[in-house]
Amino acid sequence: MTENSGNIVYSEDGNLVVPDFPVIPFIEGDGTGPDIWRASRRVLDAAVSSVFGDKREIQWLEILAGEKAFNQTQSWLPNDTLEAIRTHRVAIKGPLTTPVGEGIRSINVGLRQELDLYSCVRPVKYIDGIPSPMVRPSDVDMIIFRENTEDVYMGLEWKAGSSTAQKIIDLVKSEDGRDIRPDSGIGLKPISRFGTQRLVRMAIEYALEHKKESVTIVHKGNIMKFTEGAFRTWGYEIAQEEFGEKTITEEELWEKYDGTIPSDKVVIKDRIADAMFQQILLRPAEYGVLAMPNLNGDYMSDSLAAMAGGLGMAPGANIGDGIALFEATHGTAPKYAGLDKVNPGSLILSGAMMLDYLDWKEAADRVRIGLAKAVAKKRVTYDLARQMEGAVEVKCSEFAEEIVLQM
């Protein structure tokens, strides 16, 4: 479809206005991206059609990033792509390649930083029948809000032996009296009050809107006191300053309410990151919304995904103020490219998140119901079939068709 054949999503008085035929840009992705995008588009279009008939339809607009962009434009992330997402406000993408250790920096990180998509939102909810290492996987129902623009992901690092690395080593010695080995690579970890508080604000707003009982600030503030410790402090500050009548601390929960959460309150609590890794395994039912810095969020969201079917079934979105980019959360798996083999569940469920964001919730629910029923029928892709007794392994495209059939 061309851009002129639909309408652009826009913002009015801070609210998203979605026309009946919105233009939504997509990046099909690298490696297995084209396979999972075709499958996902099939499911999303079918869900919208099944709910709205011909009264609503997504007008898809391809934009370029990754290998396809480089081959056509000599740029891994063209300015036209960034501008298209800014203009249309809502977009979706498959996995994009990033060389490890050298070459270009992550295109995913570039998209988040250039578009100020400051919150990586990763819901993890167990779907009955999915293989899981958990004894009670049905207790897993959490959503991570991961700060997306700061922390070590800013890419502020310098090679061992470089002049900048040496200057920082010398500065630390002169200002703080501490020695850093001269053959060290150096990295910086900025965490700001501004970045922290807008992330925690979004997490609390989500908890209030979706009637979640708690928001847990996850940090390593016992060691990194002025970065992650500050993240904790600033998180509590925003809860008190902007949501004081709607939130309580854990201390207040026990002192004032004898441990029973009032129906109109959200409990704000915090956990040390390493302890929280145990909590999501041992006591997952006690946690609803998690807010954390960038690196912690990366680790923990993948760990949670492993508890509920793996990255192939893990949706995600990068959200800023009035702009959102939904994505497959896994890598490109180039050895399976073009084989119509891999699980499209991550991108399909991210598409359901996108439909929620557009306020087309009936269509989003149709996607999730269809996927859950396909899993219950045990007609699944190889990653799930090899772990499920009696399962029938199907292709990527066939899994999509099964989901459509089960809507």
Side-chain angles (χ1 to χ4, degrees), residues 1-12 15-30 33-66 68-69 72-73 77-96 107 111 114-115 117 121 315-328 344-368 370-371 396-397 400-401 403-404 407:
M1 296 285 183
T2 64
E3 181 175 321
N4 292 330
S5 66
N7 297 293
I8 293 175
V9 176
Y10 64 97
S11 181
E12 187 174 81
N15 297 313
L16 208 65
V17 179
V18 181
D20 290 335
F21 297 89
V23 175
I24 304 294
F26 72 91
I27 301 167
E28 66 176 9
D30 299 324
D35 285 347
I36 66 171
W37 168 247
R38 282 191 293 271
S40 299
R41 178 173 176 170
R42 171 76 178 97
V43 171
L44 298 177
D45 285 343
V48 171
S49 177
S50 69
V51 173
F52 301 115
D54 60 2
K55 295 180 179 179
R56 290 182 181 176
E57 180 185 348
I58 294 173
Q59 308 290 294
W60 299 107
L61 173 68
E62 184 172 16
I63 56 178
L64 303 179
K68 191 172 185 178
Q72 294 187 27
T73 71
L77 182 56
N79 288 331
D80 287 350
T81 292
L82 295 170
E83 192 55 38
I85 298 173
R86 290 189 186 101
T87 299
H88 294 85
R89 294 185 175 271
V90 180
I92 188 168
K93 72 174 191 66
L96 294 170
I107 304 169
L111 283 162
E114 290 291 332
L115 298 169
L117 303 171
V121 182
N318 301 291
I319 300 176
D321 293 327
I323 186 168
L325 175 62
F326 300 83
E327 65 179 355
S346 174
L347 193 58
I348 289 171
L349 290 171
S350 295
M353 289 179 69
M354 184 187 75
L355 294 173
D356 281 330
Y357 188 80
L358 296 173
D359 203 25
W360 293 6
K361 297 185 184 299
E362 302 97 325
D365 290 341
R366 198 67 61 92
V367 172
R368 297 186 184 102
L371 190 146
C396 173
S397 58
E401 289 301 329
I403 293 170
V404 172
M407 284 182 183

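What you are looking at is a predicted structure, and each value in this text was computed from that prediction instead of being measured.
The CD atom of Glu62 lies 9.5 Å from the OG1 atom of Thr81; values are rounded to the nearest 0.5 Å. Atoms CH2 and CG, from Trp360 and Asp365 in turn, are 14.5 Å apart once rounded to the nearest 0.5 Å. Here the CG-CZ distance, from Asp54 to Phe21, works out to 7.0 Å after rounding to the nearest 0.5 Å. A distance of 10.0 Å separates CG of Leu117 from CG of Asp321, quoted to the nearest 0.5 Å. Lys55 contributes atom NZ, which lies 12.5 Å from atom OG of Ser49 (distance to the nearest 0.5 angstrom). Of the inter-residue distances, the one linking Tyr10 atom OH with His88 atom NE2 reads 14.5 Å to the nearest 0.5 angstrom.
Of the residues Asp80, Ile85, Leu82, the one that meets the side chain to side chain contact (heavy atoms under 4.5 Å, CB included) test with Ile63 is Ile85. Of the listed residues (Leu77, Leu96, Leu64), just one forms a side chain to side chain contact (heavy atoms under 4.5 Å, CB included) with Ile27, and that residue is Leu96. Ile92 pairs with exactly one of Glu327, Glu28, Met353, Met354 by the side chain to side chain contact (heavy atoms under 4.5 Å, CB included) rule, that one being Met354.
Residue Gly66 comes nearest to Asp30 through the heavy atom pair CA-OD2, 3.6 Å, listed as atom of the first residue, atom of the second, then distance. The minimum heavy-atom distance between Phe326 and Ala317, with the atom names listed, is CD2-CB, 3.3 Å. In terms of heavy-atom proximity, Ser40 sits nearest to Leu347 at OG-CB, 3.4 Å. In terms of heavy atoms, Met407 sits closest to Ala46 at SD-C, 4.1 Å. Nearest heavy atom pair, residue Gln59 against residue Glu57, reads NE2-CD, 3.4 Å. Residues Gly29 and Pro34 approach most closely at O-CD, 3.5 Å, considering heavy atoms.
Side-chain contact between Val9 and Pro19 is present, with heavy atoms from C-beta onward closer than 4.5 Å. Using a 4.5 Å cut-off on side-chain heavy atoms (C-beta onward), Pro95 and Ile36 make contact. In this structure, Asp356 and Arg368 have side chains that are in contact, with non-hydrogen atoms separated by less than 4.5 Å. Looking at Val90 and Leu16, their side chains come closer than 4.5 Å, going by heavy atoms from C-beta outward. In this structure, Val18 and Asp359 have side chains that are not in contact, with every pair of non-hydrogen atoms separated by 4.5 Å or more. Counting only heavy atoms from C-beta outward, the side chains of Lys93 and Leu111 approach each other to under 4.5 Å. Here the side chains of Ile58 and Leu355 are in contact, with some heavy-atom distance below 4.5 Å.
Without hydrogens or angle criteria, Ser397 side chain to Ala39 main chain gives no donor-acceptor distance under 3.5 Å. Side-chain atoms of Thr73 come within 3.5 Å of backbone atoms of Ala69 as a donor-acceptor pair (strictly under, hydrogens ignored).
For Arg38 and Asp35, the salt-bridge test passes: some basic side-chain N is under 4.0 Å from an acidic carboxylate O. Residues Glu362 and Arg56 are not paired through a salt bridge, judged by the lack of any N-O separation under 4.0 Å between the basic side chain and the carboxylate.
The aromatic rings of Trp60 and Phe26 sit perpendicular, their planes meeting at an angle over 60°, well past the 30° parallel limit.
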